[in-house]
Asks: 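Structure incoming, see below.
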Amino acid sequence: MTATAILIRDRTDWTGVTTVVAAGVVAAMQVGKGLIAGPLLQSDLGLDLSALGWITSVFAIVGVVGGMAAGAFVTAAGDRCLLGIGMALLALGSFAGAASPAFTLLLVSRIVEGFGFLLVVVAGPAILMRLVTQERRDVVFALWSCFMPAGMAIAMLTGPAFADWQAIWWSNGLLTLASLASIFLAVSPSRQASRVSTRFRDDAAETLTSRGPVLLFVLFSLYSLMSFTLSSFLPILLIERLQVSLGTVGLLSAVITLVNVFGNLAAGHLLSRGFARGRLVASAALLTGVSGLWIFLSPSGGHLILALCILFSAIGGLIPATLISSVPLLSPRPALAPMTMGLLMQGSNFGQLVGPVAVGTAIEHYGWASGAVFIGAGAVLCIALAPTLERTLRESRSER
């Protein structure tokens with residue numbers, strides 16, 4: 001039996017951690033490929049902007065509907081098994097999408113990918129919780145929280161290298177299969193026997209009536225609302241303010257997305273040194289709020305707007321890393337951690353689904369300045385809820 005096939009309690013299994021985080025990055029690439037392939041899909045399949053929106057938003061819809069249920073499946077089938085199923089669904093959906101001659105079949109394949117993505121983002125943290133020591137948990141969960149910006153940035157940077165959208169789908173399917181194989185080679189199975197949960201309703205009720213999980217849901221919804229208020233319209237904003245080409249906008253958007261990783265990693269470093277989680281959320285919300293307001297309200301352009309967008313993304317990365325690493329601390333009991341993570345992901349997808357629609361409608365009717373309302377409101381609410389987060393964490397620690 002290899003070292004990675006044994007559940008090691010006294011040290012972190014970095015091989016397993018790296019493999020799980022890599023799987024998350026590959027899963028996030030499946031979201032990003034829909035964005036970067038938009039013009040190719042539009043010209044090849046004759047899709048309008050509404051249809052293109054469904055190609056990416058279907059992931060958020062699946063996440064909003066099935067987050068907590070995915071957490072229950074992790075307990076029922078086992079975390080490594082569910083991660084493998086998730087990656088298999090991503091590969092199946094990608095291959096089916098590449099062979100789809102029409103929009104309807106492509107959309108069905110994206111729904112399959114959406115379910116796979118949801119299983120990956122819920123099962124991944126469940127595996128990490130048993131692969132790391134308590135001392136390394138904040139650092140490792142900060143690393144995990146990088147999967148979304150890293151995967152999206154990689155997809156945006158590599159997408160233009162392909163001649164057609166089908167090639168993007170085929171290559172991503174092959175990459176997902178390689179990641180699936182690495183999971184079963186490098187990630188140790190759980191010692192805890194999988195069990196079929198017959199108490200889903202009770203477990204869901206306990207999670208939804210506990211202050212900690214609901215607080216994480218609300219805070220992540222607010223962060224997602226602020227983040228997607230900017231990112232959804234970033235290319236258009238940069239073209240109008242910086243007067244750059246579409247190709248340059250793609251590169252700048254990828255860089256702005258990627259710097260979010262530094263915020264995630266910085267959060268892990270600060271938390272491991274004892275920085276208060278509530279204070280970290282409040283500080284990050286304040287800085288992102290100020291920079292976001294400046295972006296939408298200031299008439300200036302050029303390098304100042306670009307610098308503010310980079311600052312917004314980098315500082316904003318402090319929030320998801322802090323919230324994700326708080327899941328083990330705020331779950332009603334350890335067995336409900338996957339369901340709590342599922343609820344948190346529902347918050348993430350709720351903000352991602354509602355934000356762009358609401359902001360887009362507001363901008364269309366009232367101009368760019370209306371985007372500041374959403375960022376300002378999200379930042380104020382995050383700051384207001386930060387003391388409650390800190391108080392809930394203290395109460396949770398005293399009970400344990």
Asks: Taking Thr340 for the side chain and Pro213 for the main chain, is one N or O donor matched with an acceptor at less than 3.5 Å?
Replies: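 Checked: no pair found.
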
Asks: Under 3.5 Å, is there a donor-acceptor pair linking the side chains of Arg211 and Thr388?
Replies: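 No, no side-chain donor-acceptor pair sits under 3.5 Å.
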
Asks: Under 3.5 Å, is there a donor-acceptor pair between the side chain of Ser313 and the main chain of Ile310?
Replies: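 No, Ser313 side chain to Ile310 backbone: no donor-acceptor pair under 3.5 Å.
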
Asks: Might you confirm whether atom CZ of Phe275 has over 12 heavy atoms from other residues, nucleotides or ligands at distances under 6.0 Å?
Replies: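 Above 12, so yes.
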
Asks: What are the two closest non-hydrogen atoms of Pro125 and Trp144, and how far apart are they?
Replies: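 Reported closest heavy-atom pair: CG-NE1, 3.4 Å.
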
Asks: Could you please spell out the steps behind the side chain to side chain contact (heavy atoms under 4.5 Å, CB included) verdict for Phe141 and Leu271?
Replies: CA-CA 11 Å; Phe141 273 96; Leu271 291 173; over 6 Å; no

Asks: Might you point out which heavy atoms bring Leu293 and Ala372 nearest each other, and give the distance in Å?
Replies: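 Between these two residues, the closest heavy atoms are CD2-O, 3.3 Å.
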
Asks: Where the side chain of Ser224 meets the backbone of Ser348, is there a donor-acceptor pair that is under 3.5 Å apart?
Replies: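 Confirmed, Ser224 side chain pairs with Ser348 backbone.
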
Asks: Is a side-chain N or O of Ser94 found less than 3.5 angstrom from the main chain of Leu90, in a donor-acceptor match?
Replies: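 A pair under 3.5 Å: no.
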
Asks: Start with the C-alpha gap between Phe95 and Trp170, add the side-chain angles, then the distance that decides, and say whether ring pair (Phe, Tyr, Trp, His ring centres under 6.0 Å) holds.
Replies: CA-CA 6 Å; Phe95 289 140; Trp170 283 117; 5.5 Å; yes

Asks: Have Arg277 and Ser326 got a donor and an acceptor in their side chains that come within less than 3.5 Å?
Replies: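 Note: Arg277 and Ser326 side chains meet the donor-acceptor criterion.
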
Asks: Looking only at heavy atoms, which two atoms of Gly342 and Val122 are closest? And how far apart?
Replies: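 Closest approach of Gly342 to Val122: CA-CG2, 4.0 Å.
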
Asks: Show your working on side chain to side chain contact (heavy atoms under 4.5 Å, CB included) between Met148 and Val31 and close with a plain yes or no.
Replies: CA-CA 9 Å; Met148 195 65 181; Val31 182; 4.0 Å; yes

Asks: Give me the atom names and distance for the closest heavy-atom approach of Ala285 to Cys382.
Replies: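 So the minimum-distance heavy-atom pair works out to CB-CB, 3.6 Å.
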
Asks: Which atom names give the shortest non-hydrogen contact between Ser227 and Phe312, and what distance separates them?
Replies: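 It is CA-CE2, 4.1 Å.
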
Asks: Between the side chain of Arg80 and the main-chain N/O of Val187, is any donor-acceptor distance below 3.5 Å?
Replies: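 At least one qualifying donor-acceptor pair exists.
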
Asks: Looking only at heavy atoms, which two atoms of Ala142 and Asn264 are closest? And how far apart?
Replies: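 What the structure gives for the nearest pair is CB-O, 3.2 Å.
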
